[in-house]
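Let me begin by presenting the structure, written as structure tokens, before commenting on it.
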Amino acid sequence: MVCPAGTTHSPAYGDFLRLDELLAIACVRDEADRTLFFAAHQACEIWFAVVIRHLESARAAMERGDGTEAAENLERLPNIMQVITQHFDVLGTLTSQSFDEIRGTLGTSSGFQSAQYREIEFLCGARDPRYLNISGLNPGERARLADRFEQKSLSSAFVEYRDARAATGSPEAAASVERLHDALAAFDDSVRSWRVQHARLAEQFLGAAQGTAGSSGAAYLWRSTERSLFPEIFPQPRTGEPAASSANGLA
């Protein structure tokens, strides 16, 4: 399609996505294995930011009484978590030697210190105050976590929405609550699946060795698969499905 003379052109694809800026700060010009390793983790953090925005939007919609909008935001999340999980499949293609060499350059840095993942936990309702004091967070990250810890959780917003709809006694209200409940359960299960894949990856590369942040590595990740993001709603695992970790692949 030819634009009429004198009209304003849309930004170029790369300009619209700000690719020059993005690639300038991304680790994409390093040796191939290191590029893969760091790009996978950076991509996970971008997707974590997307998850956070959807969780915030779902919470706000529930507080407004809009169950449809809340459900629409939540129902995307399992697909997003599937994409995040696939980054571990890519990391699994590294050789053990290459992984060990890269890991040796990380010092004490670890996915255990992913502030955005902790924000997801806190925002959902899984709030362990010990994570407010872990090392490896900068002041801005620590402040964000403290703020999330004090905010209303998605779990609490759902309980309030559920109770308000139950008081109406209408079939439509009950159906809305069930849809939200199912969406929360599906997201919780998708995070458990991600954690399982993380634990498997840690076993593949670390065996019984410690994680970089001093955690027990794969053993810690397998224990964390038993946790729910929504303990107020799902205090126990709903099925016999395995669950997963609370860090990203830098553990």
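Relative ring orientation between H181 and F158 is described as tilted, the plane-to-plane angle lying within the 30° to 60° band. Using cut-offs of 30° and 60° for the angle between ring planes, the F37 and H41 rings count as tilted.
A donor-acceptor contact under 3.5 angstrom links the side chains of D33 and S98, judged on distance only. S190 and S193 are not linked by any side-chain donor-acceptor pair at a separation below 3.5 angstrom, with hydrogens and angles left out of the test.
Annotation: side chain of L154 is in contact with side chain of L74 (closest heavy-atom distance under 4.5 Å). Side-chain contact between R179 and E75 is present, with at least one heavy-atom pair separated by less than 4.5 Å. In this structure the side chain of C124 reaches within 4.5 angstrom of the side chain of F187, judged on heavy atoms. With a 4.5 Å cut-off on side-chain heavy atoms, V159 and E232 count as touching.
With sequence neighbours excluded, no residue forms a side-chain hydrogen bond (donor to acceptor under 3.5 Å, both in side chains) with D182. Taking the side-chain hydrogen bond (donor to acceptor under 3.5 Å, both in side chains) definition, one finds that Q97 meets it with E101, sequence neighbours left out. Under the side-chain hydrogen bond (donor to acceptor under 3.5 Å, both in side chains) criterion, E172 pairs with no residue at all, not counting sequence neighbours.
Linking ILVMFWY side-chain heavy atoms closer than 4.5 Å, directly or via other members, places I46 and L77 in two distinct hydrophobic clusters. Under the 4.5 Å side-chain heavy-atom criterion for Ile, Leu, Val, Met, Phe, Trp and Tyr, V50 and L22 are members of distinct hydrophobic clusters.
Residue pairs satisfying the side-chain hydrogen bond (donor to acceptor under 3.5 Å, both in side chains) criterion with at least one member in residues 86-95, sequence neighbours excluded, are listed as follows: D89-Q197.
For the atom pair CD1 of I233 and OG of S228, the computed distance is 7.5 Å after rounding to the nearest 0.5 Å. The CG atom of L201 sits 6.0 Å away from atom CZ of F99, with the distance rounded to the nearest 0.5 Å. Taking CG of L123 as the start and CG of L145 as the end, the distance is 11.5 Å to the nearest 0.5 Å.
The main-chain N or O of G67 is never found under 3.5 Å from a side-chain atom of S176 such that the two would form a donor-acceptor pair. Checking side-chain atoms of Q116 against main-chain N and O of F48 turns up no donor-acceptor pair under 3.5 Å. No side-chain donor-acceptor contact under 3.5 Å links R165 to the backbone of A174. Looking only at distances, a side-chain donor or acceptor of R127 sits under 3.5 Å from a matching main-chain atom of F149.
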Passes salt bridge (Lys or Arg N to Asp or Glu O under 4.0 Å), E178 versus R162? Steps please.
CA-CA 9 Å; E178 182 177 6; R162 179 192 65 194; over 6 Å; no
Evaluate N79 against V83 for side-chain contact (heavy atoms from CB on, under 4.5 Å), listing each step before the verdict.
CA-CA 7 Å; N79 290 325; V83 171; over 6 Å; no
Which atom pairs, one a donor and one an acceptor, fall under 3.5 Å between side chains of residues 57-66 and the rest of the protein, sequence neighbours left out?
| residue | atom | partner | partner atom | Å |
| --- | --- | --- | --- | --- |
| S57 | OG | R53 | O | 3.0 |
| R59 | NH1 | Q151 | OE1 | 2.9 |
| R59 | NH1 | K152 | O | 2.9 |
| R59 | NH2 | Q151 | OE1 | 3.3 |
| E63 | OE2 | K152 | NZ | 3.3 |
| R64 | NH2 | E69 | OE1 | 2.8 |
| R64 | NH2 | E69 | OE2 | 3.3 |
| D66 | OD1 | T68 | N | 3.3 |
| D66 | OD1 | E69 | N | 3.0 |

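Salt-bridge formation is detected for the pair E121/R118: a Lys NZ or Arg NE/NH1/NH2 atom is positioned less than 4.0 Å from an Asp or Glu carboxylate oxygen. For E21 and R18, the salt-bridge test passes: some basic side-chain N is under 4.0 Å from an acidic carboxylate O.
Other residues sharing a hydrophobic cluster with V28 under the 4.5 Å side-chain heavy-atom criterion for ILVMFWY residues are L23.
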